[in-house]
Amino acid sequence: MSIHAHPALPEFEYLRPATLAEASEFLAGHPEEARPFLGGTDVFVRMRDGFSNPRYLVDVKCLSGMDTFRFDPHEGLTLGAAVSMNRTAASPEVMAHYPLLAEACRSVASYQLRTRATVAGNICNASPAGDTIGACLAYDGVLQIHGVDGFCQQSLAGFFLGPGKTKLRPGDVVTGVRLPPPPKDAAGVYLKLGRNRQGDLSIVGVSVLGYTDPAAPSGYRFRITLASVAPVPLVAGEAEAYLSANQVTAEAICKAADLAAAACSPIDDVRGSALYRREMARNLTRKGLEQVWHSLNGA
Ligand SMILES: Cc1cc2nc3c(=O)[nH]c(=O)nc-3n(C[C@H](O)[C@H](O)[C@H](O)COP(=O)(O)OP(=O)(O)OC[C@H]3O[C@@H](n4cnc5c(N)ncnc54)[C@H](O)[C@@H]3O)c2cc1C
């Protein structure tokens, strides 16, 4: 008896449109049958495993602007959709100004996979476990999208509707991710708990970004985002608000971690139980906040 761990990749037609207009028009005309792809590290695996069976795969990575990589102190970072995670993580500008994003990219799978995988693909895949999504949310990322009516922008806040579901409409092609200039003197950390040290999806992932803000009653603002603890990547808004309103002490950090854990609605799956996830969300949020707090205060 032969055992096939995975069904074979089904047949499909490979299309490489010459322009964004052509890509959007084709995708809009075949909403059920066509999918865009970049690195293909989600698309091909889902097809091989029988979870999706598109008739057309539309290769969008060579289209105009997809390879853009630009940092400007006033405009921030523009990351073309086809820029790989390795290129992102190795960029001196990203390491200097968006280190949380570099760290999140480096936490994904293996070096080999990251030569193909993109941040934009991670976002469009809309898995609650997507490792780079939390950093992009923390930096207030905005998607640049080309659709049948031309270009538009979409804030990442509110973009995710459920596992694999986003606000993208048929014909929409994400062309890049824009991160505004980072807050001055920010410190960030990404804590990822997987079943092994590297190469696994997260059981829980916590991104924390902190910076001084004289306008906040506490003098500080924190962004706290969590992976794999809700149907969508989670922004722990109540925990964030608590730390900007109250003096940042060890007790306040514990309280914020409790608020983050309370905001989670995790599930049981092969990686961990809901109970374990909630407790680890609490522990990792506290640990992340403590680390960022120490970095901000030079400890
Ligand atoms: C072995 C393995 C390990 C992995 N480990 C991790 C991990 O540790 N952490 C993690 O977060 N992920 C992991 N992944 C998942 C995957 O690698 C990431 O989600 C990756 O970022 C996807 O990027 P991509 O460019 O390959 O996307 P693709 O596979 O090309 O596309 C992903 C999704 O986005 C859509 N899409 C692609 N391009 C566009 C576009 N321009 N506009 C609109 N929609 C678009 C596609 O239709 C598809 O639904 C792993 C995958 C594998 C195979």
Side-chain angles (χ1 to χ4, degrees), residues 6 9 12 14-15 17 20 23-24 26-28 30-49 51-54 56-68 79-89 101 103-136 143-147 151-152 154 159-160 163-177 190 192-205 207 227-228 233 271:
H6 302 285
L9 195 62
F12 61 90
Y14 171 84
L15 302 179
L20 278 167
S24 291
F26 185 85
L27 288 162
H30 301 79
E32 305 300 330
E33 295 178 305
R35 282 210 80 82
F37 78 99
L38 291 160
T41 61
D42 278 311
V43 163
F44 287 106
V45 172
R46 286 183 63 76
M47 286 172 68
R48 183 200 62 183
D49 289 352
F51 292 116
S52 87
N53 192 6
Y56 304 104
L57 281 189
V58 183
D59 187 342
V60 293
K61 63 180 162 292
C62 296
L63 293 173
S64 166
M66 292 292 198
D67 201 31
T68 302
L79 203 58
V83 174
S84 74
M85 288 189 182
N86 275 346
R87 188 170 164 211
T88 306
L101 177 61
E103 192 180 356
C105 285
R106 282 194 297 269
S107 81
V108 172
S110 60
Y111 185 87
Q112 289 87 338
L113 185 113
R114 297 193 298 266
T115 60
R116 298 287 306 179
T118 61
V119 172
N122 203 224
I123 292 169
C124 294
N125 192 51
S127 161
D131 281 310
T132 66
I133 297 173
C136 293
L143 293 179
Q144 297 171 324
I145 299 170
H146 185 277
F151 282 101
C152 66
Q154 162 72 51
F159 175 68
F160 301 99
K165 294 199 170 63
T166 68
K167 282 198 170 157
L168 289 176
R169 295 155 307 174
D172 280 353
V173 176
V174 170
T175 59
V177 186
Y190 182 52
K192 174 175 174 176
L193 174 70
R195 287 174 300 181
N196 44 38
R197 213 171 240 289
Q198 245 188 340
D200 194 20
L201 291 175
S202 64
I203 299 170
V204 176
S207 305
S228 298
R271 291 192 173 77

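First listed ligand is number 1; within each ligand, the first listed atom is number 1.
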Enquirer: Between Gly147, Ser127, Gly39, which one has a non-hydrogen atom sitting closest to atom 24 (P) of ligand 1?
Expert: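 Residue with the shortest heavy-atom distance to the ligand atom: Gly39.
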Enquirer: Can you check whether Arg106's main-chain N or O pairs, donor with acceptor, with Arg114's side chain at less than 3.5 Å?
Expert: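 Present.
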Enquirer: So which bit of Val119 gets within less than 4.0 Å of ligand 1, heavy atoms only: side chain, backbone, both or neither?
Expert: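 Contact part for Val119 vs ligand 1: neither.
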Enquirer: For Val173, take its heavy atoms, then give the atoms of ligand 1 lying under 4.0 Å from any of them.
Expert: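 Under 4.0 Å from Val173, ligand 1 has these atoms: 41 (N), 42 (N).
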Enquirer: Is it the case that the side chain of Ser207 and the backbone of Tyr190 share a donor-acceptor pair, with hydrogens and angles ignored and the cut-off at 3.5 Å?
Expert: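 Side chain of Ser207 to backbone of Tyr190, a donor-acceptor pair under 3.5 Å: no, none is there.
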Enquirer: Mind checking whether Val43 has an N or O less than 3.5 Å away from an N or O of ligand 1?
Expert: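 Looking only at distances, the answer is yes, because the N/O contact criterion of under 3.5 Å is met.
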Enquirer: Which of the numbered atoms in ligand 1 are under 4.0 angstrom from any heavy atom belonging to Lys192?
Expert: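 Here the atoms of ligand 1 in question are 7 (C), 8 (O).
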Enquirer: Looking at Asp59 and Lys61, would you say the former's side chain and the latter's main chain have a donor-acceptor pair under 3.5 Å?
Expert: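 Pair found, side chain donor or acceptor close to backbone of Lys61.
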Enquirer: Using distance alone, determine whether Ala81 and ligand 1 share an N or O pair under 3.5 Å.
Expert: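 Such a contact does not occur with ligand 1.
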Enquirer: Surrounding OH of Tyr14 (heavy atoms of other residues, nucleotides or ligands, distance under 6.0 Å), is the total greater than 12?
Expert: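 Counting other residues, nucleotides and ligands, OH of Tyr14 exceeds 12 neighbours.
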Enquirer: Please determine if Thr132 has a nitrogen or oxygen closer than 3.5 Å to a nitrogen or oxygen of ligand 1.
Expert: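 No.
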Enquirer: Do Pro17 and Phe26 have side chains that approach each other closer than 4.5 Å (heavy atoms only, starting at C-beta)?
Expert: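 No - every pair of side-chain heavy atoms lies 4.5 Å or more apart.
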Enquirer: Would you call Arg35-Asp42 a salt bridge at under 4.0 Å N-O?
Expert: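 No, no charged N to carboxylate O under 4.0 Å.
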Enquirer: Using a 3.5 Å cut-off on N or O atoms only, is Gly40 in polar contact with ligand 1?
Expert: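 Yes; at least one N/O pair falls below 3.5 Å.
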Enquirer: Looking at ligand 1, does any of its N/O atoms fall within less than 3.5 Å of an N/O of Ala117?
Expert: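 Among all N and O atoms of Ala117, none is under 3.5 Å from an N or O of ligand 1.
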Enquirer: Identify the two heavy atoms, one from Gly130 and one from Ala227, that lie closest to each other, and give their separation to 0.1 Å.
Expert: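 Taking Gly130 first and Ala227 second, the nearest heavy atoms are O-CB, 4.3 Å.
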Enquirer: With a cut-off of 4.0 Å, which atoms of ligand 1 are near a heavy atom of Val60?
Expert: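 Here the atoms of ligand 1 in question are 41 (N).
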Enquirer: For Tyr111, I'd like to know if atom OH has over 12 heavy atoms of other residues, nucleotides or ligands within 6.0 Å.
Expert: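 For Tyr111, atom OH is not crowded (no more than 12 foreign heavy atoms under 6.0 Å).
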Enquirer: In ligand 1, which numbered atoms sit nearer than 4.0 Å to a non-hydrogen atom of Val45?
Expert: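 Answer for ligand 1: 53 (C).
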Enquirer: Can a donor-acceptor pair be found, under 3.5 Å and without considering hydrogens, that links the side chain of Thr41 to the backbone of Ala117?
Expert: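 Not a single qualifying donor-acceptor pair exists.
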Enquirer: Please work out which of Asn125, Leu38, Asn122, Asp59 has its closest non-hydrogen atom nearest to atom 30 (O) of ligand 1.
Expert: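 Among Asn125, Leu38, Asn122, Asp59, the closest heavy atom to atom 30 (O) of ligand 1 belongs to Leu38.
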Enquirer: Counting each atom of ligand 1 from 1 as listed, which ones have a heavy atom of Met85 under 4.0 Å away?
Expert: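 It comes down to these atoms of ligand 1: 21 (O).
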Enquirer: Between Thr175 and ligand 1, which part of the residue brings a heavy atom under 4.0 Å of the ligand: side chain, backbone, both or neither?
Expert: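 The answer is neither; Thr175 stays 4.0 Å or more away.
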Enquirer: Using only atom types and a distance under 3.5 Å, with no angle test, would you say the side chain of Ser228 pairs donor to acceptor with the backbone of Ser202?
Expert: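 Side chain of Ser228 to backbone of Ser202: a pair is present.
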Enquirer: Out of all atoms in ligand 1, which are within 4.0 Å of some heavy atom of Gly130? Include the element for each.
Expert: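 By the 4.0 Å cutoff, the relevant atoms are 11 (O).
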